[in-house]
Visitor: 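Please read through the structure below; I'll follow up with questions.
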Amino acid sequence: MKCSRCKAPAVVSLPSHHSAFCEACYLDFFTKQVEKGIRKQKLFTHEDRILVALSGGKDSLALVYELQLQGYNVTGLHIDLGIPSSSAPARNSTEAFCTKHNIPLLVKEMEKEGLAIPMVKERLRRPVCSACGKIKRHFFNKIALEEGFTVLATGHNLDDEIARLFSNTIRWDIPYLGDQGPALEADDEHGGFIRKVKPLWRLSEWETANYAFLRGIENHYASCPYSKGASFTFHKQVWATIENHMPGRKIDFYQGFLERGQPLFAQASEKQSDPLHPCQRCGFPTSAGVCGVCRIREALAEGQ
Ligand code: SF4
Ligand SMILES: [Zn+2]
Ligand SMILES: [Zn+2]
């Protein structure tokens, strides 16, 4: 197999783009896809201060590496969840990576916040992922605003976005569909939501994994012991079958949604969603009187 651009031996085959690439052309292809994703959705500019959420996995590390290469002003943020078997390797690999590549890094420890995930799991006595997700989103937002960043970037890729879109669609969740996309605007009016962006939205998991491999991005990622049965895994499998039969359908479906579906759902959800206002305890925006994280703190205090 030869590179579709320069005819050197190819190392990566991409059926969805009807192409194969040698190493140099593949890295260039990846860069161009990220550039295009940023430009098409007007995600940010070189003037922005970008906080990149770093889990320690290859997607977020590949993202911060590529953005730094493109000359953006990036800082990493790692949330240490305090999970014995997975948090230490995730934090170590994030810290080592950022030191090696001279990327400034902030680390927030949930244990110090009284929100170590194993303890939350034990006390709440229900599946912990939803609480964990709320906690992470809360601190991403809080730290981004407090430290004066203008945008928060996450390493979600096309497969993550498609799985989420599929899940929102089969439930016809209008507010979620109205909010879904590579950019979620800031909301200063209701106590403060940072602008959130997903610059890898045009690239699949496979494409990002190849990039990470070719760039020598090492991650010693141990999967979370509570991740069994994560809801999106099945949706990703369904979409792998569709893409296999119809290469290119994933990106077409997602772009079609952004152009023709999302604006309609956004309009409809304005009528449906509950208004936001500052949380009575912490001041961050919520549609209830007290936000999800403050309610978790209250439930933990009651369970003591
Ligand atoms: S799988 Fe683990 S890290 Fe992910 S949301 Fe669930 S508890 Fe949190
Ligand atoms: Zn080539
Ligand atoms: Zn709150």
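Counting convention: from 1, in listed order, for ligands and their atoms alike.
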Visitor: Are R39 and E35 within salt-bridge range, i.e. N to O under 4.0 Å?
Guide: no
Visitor: Let's test this: below 2.8 Å, count the protein N/O/S atoms around atom 6 (Fe) of ligand 1.
Guide: 1
Visitor: Less than 3.5 Å apart, any donor N or O on the side chain of K40 or Q255 sitting next to an acceptor on the other?
Guide: yes
Visitor: Determine whether the side chains of T31 and E66 contain a donor N or O and an acceptor N or O closer than 3.5 Å.
Guide: yes
Visitor: Taking 4.0 angstrom as the limit and counting only heavy atoms of L81, give me the atoms of ligand 1 inside it, by number and element.
Guide: 3 (S)
Visitor: Enter the distance from R281:CZ to T286:OG1 here, rounded to the nearest 0.5 Å.
Guide: 11.5 Å
Visitor: I'd like to check the ring pair (Phe, Tyr, Trp, His ring centres under 6.0 Å) partners of Y65; sequence neighbours left out, ordered by chain and number.
Guide: H101
Visitor: Does any pair with a residue in residues 200-216 pass salt bridge (charged side-chain N to carboxylate O under 4.0 Å, His left out), and if so which ones, sequence neighbours excluded?
Guide: E205-K236
Visitor: Please state whether the rings of H46 and Y72 are parallel, tilted or perpendicular, taking 30° and 60° as the class boundaries.
Guide: parallel
Visitor: Say you draw a straight line from NZ of K58 to CG of L63; how long is it, rounded to the nearest 0.5 Å?
Guide: 12.5 Å
Visitor: Please determine if K121 forms a cation-pi arrangement with Y226, meaning its NZ or CZ atom is less than 6.0 Å from the six-membered ring centre and no more than 45° off the ring axis.
Guide: yes
Visitor: Can you tell whether the side chains of D48 and R195 come within less than 4.0 Å, N to carboxylate O?
Guide: no
Visitor: Under 4.0 Å from a heavy atom of K136: which atoms of ligand 1 are those, numbered in the order shown and with their elements?
Guide: 3 (S), 4 (Fe), 5 (S), 8 (Fe)
Visitor: Within rounding of 10°, what is the angle whose vertex is the Zn ion (ligand 3) and whose arms end at SG of C282 and SG of C279?
Guide: 110°
Visitor: Taking only protein atoms, how many N, O or S atoms are found under 2.8 Å from the Zn ion (ligand 2)?
Guide: 4
Visitor: Quick check for you: to the nearest 0.5 Å, what is the distance between K136 atom NZ and S55 atom OG?
Guide: 8.0 Å
